[in-house]
Amino acid sequence: MSRKEALTQFIQQIHGRPVVVKLNSGVDYRGVMACIDGYMNIALEQTEEYINGELKNKFGDSFIRGNNVLYISTQKRKGV
């Protein structure tokens, strides 16, 4: 499987699932992946902002520019 195919498969798997988006600044955003585009721009639902591991804000929907993203990872659903 090529790198592009692996990335496409990962993006399909995380749609609608809880994720952690780590920014270059060190801030984490945790929420449900609503959509992502080819520039890695991300729309999250039920978003929580964490700074130094501490919850700072809660947002409904949020948009994160792809050039700020360090990585995206899946997170376990609450209660699982």
Side-chain angles (χ1 to χ4, degrees):
M1 177 182 308
S2 74
R3 190 173 188 178
K4 184 176 180 181
E5 290 170 335
L7 178 60
T8 301
Q9 185 179 19
F10 175 72
I11 290 170
Q12 290 171 348
Q13 289 174 350
I14 64 173
H15 186 267
R17 294 187 58 205
V19 295
V20 176
V21 179
K22 180 81 160 188
L23 302 187
N24 296 324
S25 65
V27 176
D28 291 347
Y29 286 94
R30 300 176 189 180
V32 177
M33 177 68 71
C35 66
I36 186 169
D37 69 11
Y39 296 101
M40 299 298 286
N41 295 316
I42 300 167
L44 294 179
E45 299 171 341
Q46 304 170 31
T47 310
E48 297 176 336
E49 178 185 50
Y50 289 81
I51 300 174
N52 296 323
E54 185 178 329
L55 178 61
K56 293 293 184 180
N57 289 300
K58 289 187 176 188
F59 307 102
D61 297 337
S62 61
F63 180 81
I64 301 168
R65 285 188 53 178
N67 64 335
N68 294 317
V69 175
L70 182 62
Y71 67 80
I72 305 167
S73 67
T74 57
Q75 107 182 5
K76 292 184 178 180
R77 295 181 191 270
K78 292 179 181 176
V80 174

Task: Closest non-hydrogen atom pair between Met40 and Ile72, with its separation - done: CE-CD1, 3.6 Å
TODO: Report whether Val21 and Ile51 are members of the same hydrophobic cluster (ILVMFWY, side-chain heavy atoms less than 4.5 Å apart, transitive linking).
DONE: yes
Open item on the list: Can you confirm whether Gln12 sits close enough to Phe10 that some side-chain heavy atom of one is under 4.5 Å from a side-chain heavy atom of the other?
Closed with: no
Task: Hydrophobic cluster membership, Val19 vs Val32, 4.5 Å side-chain cutoff - done: no
Open item on the list: Going by side chain to side chain contact (heavy atoms under 4.5 Å, CB included), Glu48 matches just one of Val20, Asp28, Asn57, Leu55. Which one?
Closed with: Leu55
Open item on the list: Looking at Asn68 and Ser25, would you say the former's side chain and the latter's main chain have a donor-acceptor pair under 3.5 Å?
Closed with: no
Open item on the list: Counting neighbours of CG on Asn24 that are heavy atoms of other residues, nucleotides or ligands and sit closer than 6.0 Å, is the number greater than 12?
Closed with: yes
TODO: Measure the shortest side-chain to side-chain distance between Met33 and Ile11 over non-hydrogen atoms and say whether it is less than 4.5 angstrom.
DONE: no
Task: Heavy-atom closest contact (Asp61 atom, Thr47 atom, distance) - done: C-OG1, 4.4 Å
Task: Separation of Lys58 NZ from Gln46 CD (nearest 0.5 Å) - done: 10.0 Å
TODO: Return the set of residues passing side-chain hydrogen bond (donor to acceptor under 3.5 Å, both in side chains) with Asp37 (not counting sequence neighbours), or none when no residue passes.
DONE: Asn41
Task: Nearest non-hydrogen partners of His15 and Ala34, listed with the distance - done: NE2-O, 2.7 Å
TODO: Not counting sequence neighbours, which residues clear salt bridge (Lys or Arg N to Asp or Glu O under 4.0 Å) with Glu54? List them please.
DONE: Lys56
Task: Distance in Å, Ile14 CD1 paired with Thr74 OG1, rounded so as to fall on 0.5 Å steps - done: 8.0 Å
Task: Verify same cluster id: Phe59, Leu44 (apolar side-chain graph, 4.5 Å) - done: yes
